[in-house]
Chemist: 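Got a structure for you, written out below as structure tokens; questions coming shortly.
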Amino acid sequence: MYIPFENLPEESKIWIYQSNRKFSDEEFTEIETALQSFLENWEAHSVGLESSYQLKYNRFIILAVNQEVQAATGCSIDASVQFIQKLEQKYKVDLLDKMNVTFKNGEHIAHKTLIDFKKMAKEKAVTENTIVFNNLVNTIEEYNESWEVPAMDSWHSRFF
């Protein structure tokens, strides 16, 4: 059951999927419609999941579930991954590869392989102060506090 993102408690579980390219506004509108439809029917053990989403920077899809109402289980998580895989196929993007880094380069959002990001750090093309997206956050609270942070404040700090 879909509810507005801001109505979910801060302890809600989240999953962040980053695209290897920017979506067009038209694609993001289509994705939003598909997400609302998916979340309206998303359930675990025949119980609807109180869930929501956010779309950010035409690149990120954030799914959230209020685990206090009903926890997402293996089958429901599998269903969400299958939904994301369908988006990958339809839009010819990569949303599941965790070996990529997305960061701010001025006003631009850049997306590089982990290897390229390491090289950029070594060459000082990115620094400890570069704003990175820490997609390892697990809750809305962590997302609000630690998703867009200087590299020195995330797992990316190991490259400096």
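No hydrogens, no waters, no symmetry mates; every other heavy atom, side chains included, goes into these values. For reference, positions follow the sequence shown, starting with 1. Just so you know, these numbers come straight off a predicted model, no measurement behind them.
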Chemist: Any luck finding a side-chain donor-acceptor pair between Thr139 and Glu11 under 3.5 Å?
Modeler: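 Note: Thr139 and Glu11 side chains miss the donor-acceptor criterion.
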Chemist: Between Ser12 (side chain) and Pro9 (backbone), is there a donor-acceptor pair under 3.5 Å?
Modeler: yes
Chemist: Should Phe133 and Val149 count as side-chain neighbours, where that means a heavy-atom distance under 4.5 Å?
Modeler: no
Chemist: State whether the side chain of Glu88 and the backbone N or O of Leu96 hold a donor-acceptor pair below 3.5 Å, judged by distance alone.
Modeler: yes
Chemist: Does a donor on one side chain sit under 3.5 Å from an acceptor on the other, for Asp97 and Asn20?
Modeler: no
Chemist: Sequence neighbours excluded, which residues qualify as side-chain contact (heavy atoms from CB on, under 4.5 Å) partners of Gln54?
Modeler: Phe5, Lys56, Ile62, Tyr143
Chemist: Between Leu95 and Gln18, is any pair of side-chain heavy atoms under 4.5 Å apart?
Modeler: no
Chemist: Would you say the side chains of Asn135 and Trp147 form a donor-acceptor pair under 3.5 Å?
Modeler: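 Yes, because at least one side-chain N or O of Asn135 sits under 3.5 Å from a partner of the opposite role on Trp147.
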Chemist: Answer yes when Lys90 and Glu27 have at least one side-chain N-carboxylate O distance shorter than 4.0 Å, and no when they do not.
Modeler: no
Chemist: Where is the tightest heavy-atom contact between Pro150 and Ile131, given as atom of each residue plus distance?
Modeler: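 Nearest heavy atoms, Pro150 then Ile131: N-CD1, 3.8 Å.
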Chemist: Would you indicate whether the side-chain heavy atoms of Phe38 and Ser80 approach each other to under 4.5 Å?
Modeler: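 Yes. Closest side-chain heavy atoms under 4.5 Å.
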Chemist: I want to check something: taking the side chain as every heavy atom from C-beta on, are Trp42 and Met1 in contact at a cut-off of under 4.5 Å?
Modeler: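 No, their side chains stay 4.5 Å or more apart.
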Chemist: Check whether any side-chain heavy atom of Leu63 lies under 4.5 Å from a side-chain heavy atom of Ile14, and answer yes or no.
Modeler: no
Chemist: Answer yes if the side chains of Tyr53 and Gln36 hold a donor-acceptor pair under 3.5 Å, and no otherwise.
Modeler: yes
Chemist: Can you confirm whether Phe23 sits close enough to Leu55 that some side-chain heavy atom of one is under 4.5 Å from a side-chain heavy atom of the other?
Modeler: no
Chemist: Could you tell me if the side chain of Asn100 sits less than 4.5 Å from the side chain of Asp94, heavy atoms only?
Modeler: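 A side-chain contact under 4.5 Å exists here.
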Chemist: Under a 3.5 Å distance rule, please check whether Gln67 uses its side chain to pair with a backbone N or O of Ala72 as donor and acceptor.
Modeler: yes
Chemist: Within the 4.5 Å heavy-atom criterion, are Met99 and Phe117 side-chain neighbours or not?
Modeler: no
Chemist: I'd like to know if the side chain of Tyr57 pairs up with that of Glu148 as donor and acceptor (distance under 3.5 Å, no hydrogens or angles considered).
Modeler: yes
